[in-house]
Amino acid sequence: MSDSNKALESLLEEKRLFPPPEDFKKAALATADLYEKGKESEAFWADMASELHWFKPWDEVLEWKLPFAKWFINGKINASYNCIDRFISSPTRDKVAIMWEGEPGDERTLTYLDLYREVNKLANALKHLGIKRGDRVTIYMPMIPEIVVAMLACTRIGAPHSVVFGGFSAEALRGRINDAGAKALITADGGYRRGKVIPLKQAADEILKDTPTIESVVVVRRVGDALKTTMKEGRDYWYHDAVNAAEEYCEPEQMDAEDMLFLLYSSGTTGKPKGVVHTTGGYLTGVYATFKYIFDYKPGDIFWCTADIGWITGHSYIVYGPLLNGATQVMYEGAPDYPDRGRWWRIVEKYSVSILYSTPTSIRSFMKWGTKWLEERNLSSLRLLGTVGEPINPEAWVWYYKYVGNEKCPIVDTWWQTETGQIMITPLPGVTVCKPGSATHPFPGTEVEVVDEQGNPVKPGGSGYLVITKPWPAMLRTLYKDEKRYRETYWSKFPGKYLTSDGAKLDEDGYFWILGRVDDIIKVAGHRLSTMEIESALVDHHAVAEAAVIGISHEIKGEAVAAFVILKEGFKGTPEMQQELKMHARKKIGPIAEPETIIFVSEVPKTRSGKIMRRLLRDIATGRALGDISTLSEPGVIAELKKRYESEERE
Ligand code: WT7
């Protein structure tokens with residue numbers, strides 16, 4: 001368990017209770033009886049599903065052939081139809097779906113009708129380019145409305161999308177395109193981040209010669225003359241040309257509930273990212289219901305999720321959850337501290353945001369930046385706050401409650417994963433008495449346990465592995481083209497129970513406290529990174545013989561990357577080399593993978609079977625007392641490591 005989690009564990013002493021404010025409680029959509037209803041989980045989820053539009057109803061709610069679940073058997077449904085067409089014949093057609101703000105300050109507003117028109121046209125344009133039902137389409141875009149249009153257009157024609165976070169490098173994009181065997185790429189010339197233009201099409205051009213399955217590339221013009229974008233005849237098309245030339249209406253495909261809706265790559269414990277497969281009917285049901293009840297969305301609310309659509313949070317709670325609920329939301333392209341640290345609060349004030357969903361890392365940054373930025377703004381429109389991505393320390397929770405929520409907004413600390421698709425552990429905002437730092441209880445209709453090494457549930461007060469004991473509608477169905485890895489990763493440790501790879505504690509009152517990952521995945525600013533993935537990136541550098549990567553505690557980011565590196569003969573561990581290796585990790589994966597610290601060593605501690613002893617490295621990196629080292633093959637290395645690290649620290 002990482003250092004930051006240990007710090008969190010010591011804060012489990014936190015005893016304050018925060019009941020929901022009375023007026024919130026009175027008007028809340030979710031009441032305590034939702035837990036009662038959830039006990040009949042199949043009937044509960046069937047009820048939720050029946051609020052969506054189905055071309056053909058399902059015959060059976062759930063088929064559970066461990067570890068493979070099928071939900072809403074033989075039901076026929078379309079995601080884009082449910083997100084937009086459903087509202088076109090009601091007054092919601094003129095309701096604003098997205099109030100978008102670009103980082104430079106440009107603005108756009110799209111109603112449900114605007115979305116409908118744009119999605120239909122792009123869907124036709126994609127068909128025209130030869131994209132058919134079942135073909136995968138990779139999307140590599142900044143946070144502009146067209147990314148939402150692109151995803152919905154894919155779902156309209158039954159082409160699963162695979163969104164690759166725009167902050168990932170060209171090489172990371174290549175791997176994901178090739179694994180998916182994508183037929184088309186939808187991208188943009190560039191986007192804005194902290195005042196800089198980030199090229200995307202140019203980055204894609206670097207690798208498009210090595211992506212044999214890509215037949216066409218659709219490019220949104222976002223930054224225009226700020227970049228020189230070259231278009232390859234017969235392969236590359238401007239988005240606006242393609243859309244302008246397209247027919248107005250595209251019949252939505254009637255998809256089977258179990259047809260793949262999208263693929264999303266996420267870091268696993270090996271160097272190769274996993275293609276997490278989500279299907280249509282169950283996923284839509286899961287995110288529809290959780291958005292509605294956890295965010296208590298009512299007409300008139302303005303929702304803002306600050307995540308990037310390149311992560312699951314954006315898929316579920318910017319694209320599908322809000323649109324399935326006919327919500328109005330804010331979408332923002334850029335950084336929270338551009339042009340200054342007041343940007344987010346200006347957005348909250350300007351658009352009267354009432355529900356804000358953000359991360360512990362951002363909250364800790366704001367804490368550090370001081371309350372001045374908030375005090376300058378009128379934040380009285382806020383009525384509910386949310387957090388996700390990593391454990392939230394009670395101090396940050398209380399700060400969020402006090403300074404952002406003005407002590408009147410409940411906070412929903414939502415635990416879930418790319419694999420779960422939907423929020424799994426969370427307060428119900430009008431029901432749950434919150435404890436800062438605890439994600440509280442499983443959402444109705446789901447079942448979660450904390451188990452010991454043998455797989456037996458721990459008693460209240462105990463800690464262990466967090467597992468999910470019952471299938472839920474938005475669960476991943478498999479890993480793309482890797483059923484074996486799916487079985488091994490999630491279903492092999494405890495038969496019949498889904499392994500989350502998080503550690504957790506169940507307290508005396510039955511509250512769940514998430515303690516963080518127990519595998520080789522680290523969470524840097526809430527972003528999921530695999531230590532092996534970064535090690536492979538470093539070893540790919542010509543000067544590196546071996547590398548061992550760990551997560552170390554970081555005041556703002558929760559965890560940061562520290563790398564122990566053995567150089568090949570003839571190379572020196574200079575500051576220039578450190579810099580070069582940092583840049584190399586950025587190039588291979590992306591800026592989020594850049595090590596905070598690089599320590600050159602002559603050996604890394606390994607067990608006799610050759611496994612890197614990360615725990616020991618963490619102890620060294622954090623200067624803690626060393627634990628049991630009896631399994632170390634060459635005990636002499638520790639002394640050296642410790643010495644090197646300490647001198648590194650002093651510099
Ligand atoms: C991992 C999943 C799901 C949205 C974003 C992350 C950690 C997530 C919480 C929370 C403590 C959390 C877990 C989990 N995590 N939410 N509220 N409290 N930890 O998705 O990238 O798939 O990461 O994020 O460690 O396993 P992801």
Side-chain angles (χ1 to χ4, degrees), residues 1-2 4-5 7-9 11-12 163 165 167-168 264-269 273-276 278 283 286-287 290-291 294 305-318 320-321 357-363 385-394 396-397 400 411-427 434-443 448 450 465-468 472 474-476 479 489-490 498-505 511-530 533 551 557-559 592:
M1 218 163 280
S2 79
S4 58
N5 300 325
L8 179 73
E9 211 168 3
L11 287 161
L12 296 181
V163 179
F165 172 52
F168 276 129
L264 182 59
Y265 286 87
S266 188
S267 293
T269 51
K274 309 181 282 200
V276 172
H278 282 291
Y283 174 82
V287 300
T290 47
F291 179 81
I294 297 165
C305 166
T306 61
D308 192 286
I309 290 178
W311 309 105
I312 191 72
T313 308
H315 281 59
S316 299
Y317 300 107
I318 297 179
Y320 296 106
Y357 191 30
S358 182
T359 63
T361 289
S362 347
I363 298 161
L385 305 173
T387 156
V388 63
E390 52 181 311
I392 182 164
N393 44 311
W397 194 103
Y400 198 28
I411 296 182
V412 286
D413 174 1
T414 61
W415 177 90
W416 57 298
Q417 310 178 299
T418 305
E419 292 89 341
T420 69
Q422 64 180 78
I423 295 171
M424 299 297 286
I425 307 181
T426 175
C434 288
K435 297 187 184 187
S438 167
T440 75
H441 305 297
F443 186 75
V448 174
V450 180
Y465 297 89
L466 185 73
V467 295
I468 307 175
W472 64 102
M475 70 189 277
L476 82 163
L479 293 175
T489 310
Y490 306 106
Y498 168 90
L499 182 73
T500 66
S501 294
D502 273 320
K505 178 178 163 138
Y511 281 60
F512 287 80
W513 297 75
I514 313 299
L515 304 173
R517 305 286 307 196
V518 294
D519 56 4
D520 293 333
I521 285 176
I522 53 179
K523 281 292 199 135
V524 179
H527 299 316
R528 179 165 161 174
L529 288 166
S530 127
E533 200 178 347
K557 299 181 198 167
E559 285 187 282
I592 55 170

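One-based numbering, in listed order, for ligands and for the atoms of each.
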Purely on distance, is any nitrogen or oxygen of Thr500 under 3.5 Å from one on ligand 1?
-> no
Please work out which of Val388, Thr414, Ile392, Thr387 has its closest non-hydrogen atom nearest to atom 17 (N) of ligand 1.
-> Thr414
Please report the shortest heavy-atom distance between Phe512 and Ser438, naming the atom on each side.
-> O-OG, 2.7 Å
Would Trp472 and Tyr498 count as a close aromatic pair, with their ring centres under 6.0 Å?
-> yes
Which heavy atom of the protein is the closest neighbour of atom 14 (C) of ligand 1, given with residue, atom name and distance?
-> Asp502 OD2, 3.1 Å
Is the closest side-chain donor-acceptor distance between Glu533 and Ser267 under 3.5 Å?
-> yes
Nearest protein heavy atom to atom 7 (C) of ligand 1, by residue and atom, and its distance?
-> Gly389 O, 3.3 Å
Residue and atom name of the nearest protein heavy atom (relative to atom 27 (P) of ligand 1), distance in Å to one decimal = Thr418 OG1, 3.5 Å
Residue pair Thr361 / Glu390, side-chain donor-acceptor N/O under 3.5 Å = yes
Would Tyr357 and Thr414 count as having a side-chain donor-acceptor pair, cut-off 3.5 Å?
-> yes
For ligand 1, which atoms, with element, lie under 4.0 Å from some heavy atom of Trp416?
-> 2 (C), 3 (C), 4 (C), 8 (C), 14 (C), 16 (N)
Proximity to ligand 1 by part of Pro391, non-hydrogen separation under 4.0 Å = both
Within 4.0 Å of some non-hydrogen atom of Thr313, the atoms of ligand 1 are 4 (C), 5 (C)
Looking only at side chains, do Thr418 and Tyr265 share a donor and an acceptor under 3.5 Å apart?
-> no
Looking only at side chains, do Tyr317 and Thr290 share a donor and an acceptor under 3.5 Å apart?
-> yes
For Arg528, the atoms of ligand 1 under 4.0 Å from one of its heavy atoms are 21 (O), 22 (O), 23 (O), 27 (P)
Counting from 1, what ligand 1 atoms have a heavy atom of Ile514 closer than 4.0 Å?
-> 11 (C), 19 (N)
Compute the ring centroids of His441 and Tyr511, then answer whether they are less than 6.0 Å apart.
-> yes
Measuring from the heavy atoms of Ala439, does anything fall under 4.0 Å of ligand 1?
-> no
Out of Glu390, Gln422, Lys523, the nearest non-hydrogen contact to atom 6 (C) of ligand 1 is supplied by Lys523
